[in-house]
Amino acid sequence: MSDPAPQPEPPRPPRVWLITSASYPLGHAIALAALQAGESVAAGCTREEIHADDGSMRELKLNGGDRFAVVELDTRNIALCQSALAETVHTFQRVDVVLNCSSQSYIGTLEELPHTHVLAQFEAAYFGPVNMMRSAVPFLRRQRGGHIVNVTGLTGHMGTPGLSVRCAGDHAVEGFSDVRFFISLTYDMTVDWRWKGVNLALAYEIAPFNIKVTIVQPPLEVNCTDSVLSSRIHLTPTREEGYTTFESLSRIVEAAPPSKEVLEETVSIVMHIAALENPPGRIVVGAEGIEQVKDRLKTVSEELEEFLSASLGADIPKE
């Protein structure tokens, strides 16, 4: 007697999203795409953004109906992060995707940036996403799964003149994310995970809960052009001569915003990776960004080889 045919898996229920800065173009576009795909969205907005709604939330409500809700959220305030997650779960019974796309860019030469701008950059680019991740993990752990998506930029992969503190903030949140919340495999103790950059203690700690984390890196212009994908731009003009690279960056900031295609590409990638059972830990948006990352990795590799003998000379000889 032949074995019975395997039963098809039941269809996956529509996902529930919590999106930070949903009133800004990237958050709004992803919320709209999710609603149009039949999914549910909790749109995170500050109290000021809720009161100053320009019609973007009404548009989402028309598309989502009961599948859409607005929640008060400022990622710099961990209590608001926790309450936004609790309200999302209360409204939709769970949360599947937590999307961090809040950001501010403080642009200027390091010697001329006000100290308050350095602190504010880390509040927005690092502590905000960390507050969301810390707040989300207990909810995702209890429901045995979920996906955290952090939108940073190529600024999280390489340094950019004039964006030193933004790069530092993005590098920090990427380093935090890179501990791999999402290891959910059956572990083989003979496998050495160190080459993947895995923090084994954290991986073992939350591996049973199937929590995934992905970093999305849009192009440079996304992080330093106002009113498109990033939230706010703060430019400190230089008064010193010789900062030619900073002048080039200033022209990018003052130029027309990136094309609609950049926004659409970023939305498409976020929607795609959110639907994957095994999403990537990091993904770059666009061909130009991919080439820049390849060049950066090539430079790192070449420098490593150039000073290999000096590095190996630090090893203590085995007896």
Side-chain angles (χ1 to χ4, degrees), residues 8-23 26-45 50 57 60-75 77-102 128-151 177 179-185 202-203 205-216 267 269-281:
E9 293 185 5
R12 183 173 182 172
R15 288 180 295 268
V16 176
W17 296 65
L18 172 57
I19 300 175
T20 68
S21 292
S23 64
L26 178 58
H28 178 269
I30 294 172
L32 184 60
L35 292 170
Q36 290 175 343
E39 301 182 335
S40 299
V41 172
C45 301
I50 293 172
M57 294 300 105
L60 295 177
K61 182 65 175 178
L62 287 172
N63 277 270
D66 292 340
R67 293 182 290 107
F68 175 75
V70 177
V71 296
E72 183 181 353
L73 175 59
D74 184 336
T75 60
N77 185 328
I78 194 166
L80 286 178
C81 296
Q82 294 166 343
S83 63
L85 281 151
E87 187 174 348
T88 301
V89 172
H90 175 76
T91 303
F92 299 114
Q93 287 70 61
R94 69 183 192 280
V95 58
D96 300 299
V97 183
V98 177
L99 174 65
N100 275 312
C101 57
S102 305
V130 168
N131 284 341
M132 281 303 300
M133 286 187 276
R134 291 183 62 199
S135 301
V137 166
F139 290 90
L140 302 180
R141 172 176 51 78
R142 286 193 289 268
Q143 69 186 25
R144 301 286 172 166
H147 193 178
I148 299 171
V149 180
N150 295 322
V151 179
S177 304
V179 295
R180 301 294 195 234
F181 286 96
F182 61 86
I183 299 300
S184 57
L185 306 172
L202 184 57
E205 180 179 329
I206 62 176
F209 310 120
N210 194 31
I211 302 173
K212 308 172 180 68
V213 173
T214 298
I215 296 165
V216 179
V267 172
I269 283 177
V270 171
M271 294 300 296
H272 174 70
I273 57 125
L276 298 177
E277 286 294 331
N278 294 295

Q: Rounded at 0.5 Å granularity, tell me how far CG in Leu18 sits from OG1 in Thr91.
A: 10.5 Å
Q: What distance do Leu80 atom CG and Glu72 atom CD have between them, rounded to the nearest 0.5 Å?
A: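 Spacing of CG (Leu80) from CD (Glu72) equals 5.0 Å.
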Q: Which heavy-atom pair separates Ile78 from Arg134 by the least distance, and what is that distance?
A: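 Closest heavy-atom pair between Ile78 and Arg134: CD1-NH1, 4.0 Å.
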Q: Please find the pair of heavy atoms, one from Asp74 and one from Cys81, that lie closest to each other, and give the distance.
A: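 In terms of heavy atoms, the two residues are closest at O-SG, 4.2 Å.
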Q: Side chain to side chain donor-acceptor pair (under 3.5 Å) between Lys61 and Asn63: does it pass, once the steps are laid out?
A: CA-CA 5 Å; Lys61 182 65 175 178; Asn63 277 270; over 6 Å; no
Q: Using side chain to side chain donor-acceptor pair (under 3.5 Å) as the criterion, list what pairs up with Gln93, not counting sequence neighbours.
A: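 Gln93: no side chain to side chain donor-acceptor pair (under 3.5 Å) contacts found.
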Q: Determine, step by step, whether Lys212 and Thr214 satisfy the side-chain contact (heavy atoms from CB on, under 4.5 Å) criterion, reporting the C-alpha distance in whole Å, the side-chain angles of both residues, the deciding distance to 0.1 Å, and the verdict.
A: CA-CA 7 Å; Lys212 308 172 180 68; Thr214 298; 5.7 Å; no
Q: Going by side chain to side chain contact (heavy atoms under 4.5 Å, CB included), Thr88 matches just one of Val98, Val95, Ile19. Which one?
A: Val95
Q: Between atom SG of Cys101 and atom CG of Leu26, what is the distance when rounded to the nearest 0.5 Å?
A: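 Those atoms lie 5.0 Å apart.
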Q: Output the distance between atom CE (Met133) and atom CG (Asn150), rounded to the nearest 0.5 Å.
A: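 Rounded to the nearest 0.5 Å, the CE-CG separation comes out at 4.5 Å.
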Q: Under 6.0 Å from the CZ atom of Arg142, do we count more than 12 heavy atoms belonging to anything else shown?
A: yes
Q: Which residues pass the side chain to side chain donor-acceptor pair (under 3.5 Å) test with Gln143, not counting sequence neighbours?
A: none
Q: Identify the heavy atoms of Ser135 and Pro138 that sit nearest to each other, and give their distance.
A: O-CD, 3.3 Å
Q: Side chains of residues 28-41: which donor-acceptor pairs under 3.5 Å do they make with residues two or more places apart or in other chains?
A:
{"from": "His28", "atom 1": "NE2", "to": "Ser56", "atom 2": "O", "distance (Å)": "3.3"}
{"from": "His28", "atom 1": "NE2", "to": "Glu59", "atom 2": "OE1", "distance (Å)": "3.1"}
{"from": "Glu39", "atom 1": "OE1", "to": "Trp17", "atom 2": "NE1", "distance (Å)": "2.7"}
{"from": "Glu39", "atom 1": "OE2", "to": "Arg15", "atom 2": "NE", "distance (Å)": "3.2"}
{"from": "Glu39", "atom 1": "OE2", "to": "Arg15", "atom 2": "NH2", "distance (Å)": "2.7"}

Q: Of all residues at least two apart in sequence or in a different chain, which pass the side chain to side chain donor-acceptor pair (under 3.5 Å) check with Asn131?
A: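 Asn131: no side chain to side chain donor-acceptor pair (under 3.5 Å) contacts found.
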Q: How many angstroms lie between CZ in Phe68 and CG in Leu60, if you round to the nearest 0.5 Å?
A: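 Reported to 0.5 Å precision, the distance equals 4.5 Å.
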Q: If you look at every heavy atom in Leu73 and Gly44, which pair is closest and at what distance?
A: CB-CA, 3.9 Å
Q: Between Met57 and Ser23, which heavy-atom pair has the shortest distance, and what is it?
A: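 Scanning both residues completely, I find the closest heavy atoms to be CE-CA, 3.8 Å.
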Q: Looking at side-chain heavy atoms only, is the closest gap between Glu87 and Leu85 below 4.5 Å?
A: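 Glu87 does not reach Leu85 side chain to side chain.
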Q: For the OG1 atom of Thr20 and the CG atom of Asn100, what is their distance to the nearest 0.5 Å?
A: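 Separation between the atoms: 5.0 Å.
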Q: So, using side chain to side chain donor-acceptor pair (under 3.5 Å) as the criterion, who are the partners of Arg94 when residues are at least two apart?
A: Asp96
Q: Where is the tightest heavy-atom contact between Ile148 and Ala136, given as atom of each residue plus distance?
A: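 Here Ile148 and Ala136 meet closest at CD1-CB, 4.4 Å.
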